[in-house]
2 protein chains.
Amino acid sequence: MPRFTHPRLEDVPLDLALHALADPNRLGMVARLASTEGLSCSDAAPCEAIPKSTLSNHLKLLRAAGLIETAQAGREMINTLRRDEFDRRFPGLLDAVLANTSS
Amino acid sequence: MPRFTHPRLEDVPLDLALHALADPNRLGMVARLASTEGLSCSDAAPCEAIPKSTLSNHLKLLRAAGLIETAQAGREMINTLRRDEFDRRFPGLLDAVLANTSS
DNA sequence: TTCAACAGTTCAATATTCCCGAACTATTAA
DNA sequence: TTAATAGTTCGGGAATATTGAACTGTTGAA
């Protein structure tokens with residue numbers, strides 16, 4: 001069973017966080033997660049077409065950037081945004097990014 | 001002589017802008033440019049060690065992301081931040097990023 | 001005028017990173 | 001048990017990034 005490692009936010013450098021957000025698919029996932037309580041990997045996917053290994057890698061990257069945490073629930077993995085922690089680490093950043101996702 | 005193309009900001013997608021910022025060297029350059037009127041390429045460099053071809057590529061990428069504009073002045077190229085235009089395109093984004101550069 | 005030095009770009013080869021199919025692990029339901 | 005489901009990991013090809021070398025254009029000096 002996969003046991004995930006979630007970084008402490010103070011160990012996440014800004015450029016890693018920006019890199020995680022600098023991809024349309026990941027950005028779409030973050031936007032989705034921002035408006036829900038928690039989503040399985042496949043439900044977090046931005047579209048049907050994306051292969052699941054790619055999806056898994058995107059989520060791993062979001063985890064490494066401190067943006068999401070993943071918990072196992074049965075055979076699903078539930079992903080949630082680490083909103084408060086991320087906001088404390090990078091004040092205003094996620095708000096600014098999300099506010100610009102629809103343009 | 002190099003004649004640069006500067007994109008219209010409305011043609012710059014968010015992920016390209018984030019990608020441009022998601023690199024320590026480029027981020028450092030943007031931060032520098034944010035606190036000056038205009039800098040030659042070599043003066044904009046974040047450190048001595050970076051090769052000039054690499055530097056040139058970083059600046060090209062920043063140009064493509066609508067973050068800077070470059071004008072020839074003698075044998076130098078003067079780079080300036082397209083602050084107002086960028087802010088109009090992505091409100092609050094650059095502020096949020098710059099506010100987090102020193103952590 | 002040349003000529004040399006300078007600021008930066010472009011090119012091409014190497015190095016790095018990313019993507020995704022295939023194989024695998026773990027969990028649940030039958 | 002077995003089959004189906006949900007997702008991870010691995011490995012190789014595709015795409016990007018880095019950088020030395022050669023080049024373009026500009027300036028100042030002889």
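Numbered from 1 within each chain, the chains take letters A, B, ... in sequence-line order. What's counted below: heavy atoms across the whole structure, side chains too, no hydrogens, waters or symmetry copies.
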Query raised in the report: Base, sugar-phosphate alone, or nothing: which one does R26(A) contact when heavy atoms must sit under 4.0 Å apart?
Result: nothing
Query raised in the report: Should we count CD of E37(B) as having more than 12 external heavy atoms under 6.0 Å?
Result: no
**Report entry** Value in whole Å for how far the C1' atom of dG8(C) lies from CD1 of I50(B)
**Finding:** 14 Å
**Report entry** dA21(D) OP1/OP2 closer than 4.0 Å to side-chain N/O of S53(B)
**Finding:** no
Report summary line: Here the distance between atom P of dT28(C) and atom CE of M77(A), to the nearest Å, is 10 Å
Requested in this report: Could you tell me the separation between the CD1 atom of I78(A) and the P atom of dT27(C), rounded to a whole number of Å?
Outcome: 15 Å
Report summary line: Distance col, row H19(A):NE2 vs D23(B):CG, nearest 0.5 angstrom, shows 10.5 Å
Requested in this report: Could you tell me whether a side-chain N or O of N100(A) sits under 3.5 Å from a main-chain N or O of A96(A), the two making a donor and an acceptor?
Outcome: yes
**Report entry** Euclidean distance, atom CG of residue D23(A) to atom P of dA15(D) [Å, nearest integer]
**Finding:** 16 Å
Requested in this report: Would you kindly give the CZ-to-P distance between F4(A) and dA6(D), to the nearest whole Å?
Outcome: 15 Å
**Report entry** Side-chain donor/acceptor of S56(B) to backbone N/O of S53(B), under 3.5 Å
**Finding:** no
Query - dA17(D) phosphate, OP1 or OP2, under 4.0 Å from H19(A) side-chain N/O - result: no
Query - L62(A) CG - dT8(D) P separation (whole Å) - result: 12 Å
Query raised in the report: Picking from dT8(D), dG8(C), dC20(C), which would you name as closest to the side chain of P51(A)?
Result: dC20(C)
Report task. Please determine if a side-chain N or O atom of R75(B) lies less than 4.0 Å away from the OP1 or OP2 oxygen of dA4(C). Result -> no
Query raised in the report: How close or far is atom P of dT9(C) from atom CG of N57(B), stated in whole angstroms?
Result: 9 Å
Query raised in the report: Taking for each residue the nucleotide of DNA chain D bearing the nearest heavy atom, is the 5' side occupied by T54(B) or by K52(A)?
Result: K52(A)
Requested in this report: Find which nucleotide of DNA chain C each of L61(A) and K60(B) is nearest to by heavy atoms, and output the residue with the more 5' nucleotide.
Outcome: K60(B)
**Report entry** Closest non-hydrogen atom pair, T36(B) against R32(B)
**Finding:** OG1-O, 3.3 Å
Query - Candidate nucleotides dG7(D), dT26(D), dT9(C), ranked by approach to the side chain of C41(B) - the nearest - result: dT9(C)
Query - Between P of dT8(D) and CG of L55(A), the distance in whole Å - result: 8 Å
